[in-house]
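Inspection log for the structure reproduced underneath, given as structure tokens.
Order of the sequence lines fixes the chain letters, A, B, ..., with proteins taken first and strands second; residue numbering starts at 1 for each chain.
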Amino acid sequence: MQVELVRRAIGGDREAFGSLAASHADRCYGLAYRILRDPHRAQDATQQAMLGAWRDLPRLRDPDRFDAWLHRLVVNACYAEARGERRWTARVRLLTTDPPVTPDVARSVANRDELESAFRRLTPEQRAVVVLHHHLGYPLTEIAATLGIPEGTARSRLHYAVRQLRTVLDDGRSLTPSEERSA
Amino acid sequence: MSNETMRPDFDPRIADWLEADPDHAPRETLETVLAALPSIPQRRASRVPWRFATMNRFMPIGAAAVIAIVLVGGALIMLRPNGNGVGTTPTASPTVSPSSSASPATPTSSPDLAACSLVTADEAESLAGIMGLGALPTASGAGNETTCIYRDGGGNIVLRVEFTRSGGGLLFEEAQNAPGVEAVADLGDGAVFDPETSTLSFMKGDSLVTIVTGTSSKTPASRLATERAIAELAVERVTPTP
């Protein structure tokens, strides 16, 4: 069913692409939010990825790979958002008062704030690997294929990121800058 | 998950933490995408065969005739005495008049796309100095505050336009009070440029527009020149708040 929609969208069928976008919007947003940790940037990245998907869909050779291809576009859009963060944060804009849509549910993780803080210290590339592995359940081979990186690179990024996060989880404290540098 | 817990780099505590994050995109995410689709052409894969499967003997003659006409016509245009002939110096910075025939990058009827209606994709491409690379606009935001980000063919941001339709005065004051900002004369009802962030902000009535170019212009001075050229187009298109 999805493959047929992809084929129609490749042929320029906007309605078919609209159906694909509707069925993937939540998953793409969830992926972007987990990498960027910001609802507005996640929304921007999701929109950017979906519009890029529409634009470049005729270049997708294998319609069966649509999901992985779209996830790659989302991750790349997240990289772009994250890279632009420093450039754009000083712009003229008051912070909006929209509350984040994070559910207020107590979790088993003892120190969520510490974990959040440690996760934000990771590079976007490391965050993406963690999210693809721990949230979407991708094995390393699939992560490498999705991101277009060698499997060894995916493994080292994941290893480093998980080690950083475990430091917080196991010790219940934040990393100091010196620890970050030496890691 | 039982197998995953056996992997050295899988930690169920991290998975549990990620699980608590939101899984539902805001409604306007999809609406904005669907609204922008008609303005974005698809890029077709370049798979043109070098020759047609069925060619009759007259087709090569016809093709040769077309090529000859194009070559002769081009030569005549280039050699016109009052034209931009060979040896003339190209202008350094192309300008696009506000009355350019290029259509706006996105429809102006939807408030979500308001920021994209201030600068067309063609203008963004031309003024940002990235001719040939395209400038794909992406709208975001809703209602009073909208943003349009233009990216080149490589996905790099070349221009960002933010539009606050009303109530922009407070934001503009904040911009004016930032350290190191410079006043920009003769632009809207007031304008400032922040060299630190290379951001140009101008007011028209109660509306505020901020413009930031990407890295194509290297120095703050050249970025100011580019942003000013873009602002001079945009200021004409800012409609008064009803």
Side-chain angles (χ1 to χ4, degrees), chain A residues 10 12 14 17-18 21-22 25-30 33-34 37 39-40 42-44 46-48 50-52 54-59 76-77 80 84 87-88 90-94 96 100-103 105 107-109 112 115-116 119 130-131 133-135 137 155 158-159 162 165-166 169, chain B residues 1 4 7-26 28-30 32-34 36-38 40-45 136 138-141 145 147 149 151 155-157 160 162 164 168 170-172 174-175 178 194 196-199 201 208 210 212 214-215:
Chain A
I10 288 173
R14 284 201 288 265
F17 185 81
D26 286 345
R27 195 173 175 88
C28 290
Y29 177 80
Y33 181 92
R34 284 168 175 84
R37 319 303 304 165
H40 301 294
Q43 190 175 343
D44 283 352
T46 303
Q47 290 169 349
Q48 181 63 32
M50 288 195 157
L51 292 175
W54 164 253
R55 184 187 59 189
D56 291 330
L57 200 48
R59 298 179 178 184
N76 285 340
R87 187 183 308 165
W88 309 120
R91 68 186 187 275
V92 184
R93 175 187 273 278
L94 291 178
T96 57
V101 290
T102 308
V105 179
R107 288 283 169 179
S108 59
V109 177
R112 300 182 58 81
L115 190 52
E116 177 84 31
F119 191 82
V130 170
V131 173
H133 188 62
H134 283 79
H135 180 61
R155 181 180 291 106
L158 181 65
H159 179 71
V162 169
L165 298 175
R166 275 182 177 153
L169 289 166
Chain B
M1 294 274 177
E4 288 169 336
R7 296 182 205 160
D9 282 327
F10 182 85
D11 193 317
R13 295 169 298 179
I14 298 171
D16 187 45
W17 173 69
L18 289 170
E19 191 65 30
D21 285 331
D23 271 321
H24 295 290
E28 60 268 23
T29 306
L30 186 60
T32 303
V33 170
L34 298 180
L37 283 188
I40 299 174
Q42 287 188 313
R43 288 178 179 164
R44 294 286 149 194
L136 175 67
T138 304
S140 62
E145 290 190 12
T147 300
I149 296 174
R151 296 177 199 267
N156 303 306
I157 296 175
R160 183 182 183 109
E162 294 187 355
T164 303
L170 285 175
L171 296 168
F172 188 65
E174 190 178 316
D194 185 344
E196 181 68 24
T197 58
S198 291
T199 302
S201 308
L208 173 71
T210 63
V212 193
T215 56

Where A/L51 and B/A36 come nearest, the two heavy atoms and their spacing: CD2-CB, 4.0 Å

Nearest heavy-atom neighbours spanning B/A25 and A/D26: N-OD1, 2.8 Å

Please rank [options] by heavy-atom pairs under 4.5 Å with chain B and give me the top one.
options	answer
A/I10, A/V131, A/N76, A/T46	A/I10
A/G30, A/G12, A/G18	A/G12
A/R27, A/R14, A/R155	A/R14

B/L34, part contacting chain A, at a heavy-atom distance under 4.5 Å: side chain

Derivation and outcome, side chain to side chain donor-acceptor pair (under 3.5 Å), residues A/Q48 and B/T138: CA-CA 6 Å; A/Q48 181 63 32; B/T138 304; 2.7 Å; yes

Geometric class of the A/H134/B/F10 ring pair [parallel <30°, tilted 30-60°, perpendicular >60°]: parallel

Side chain to side chain contact (heavy atoms under 4.5 Å, CB included) between B/Q42 and A/W54, intermediate numbers included: CA-CA 6 Å; B/Q42 287 188 313; A/W54 164 253; 3.4 Å; yes

Gap between atom CG of B/D11 and atom CG of A/L165 - 0.5 Å precision: 8.5 Å

Residue among B/T164, B/L30, B/I149, B/D23 with most heavy-atom pairs under 4.5 Å to chain A: B/D23

Side-chain donor or acceptor of A/R34 paired with backbone N/O of B/L18 under 3.5 Å: yes

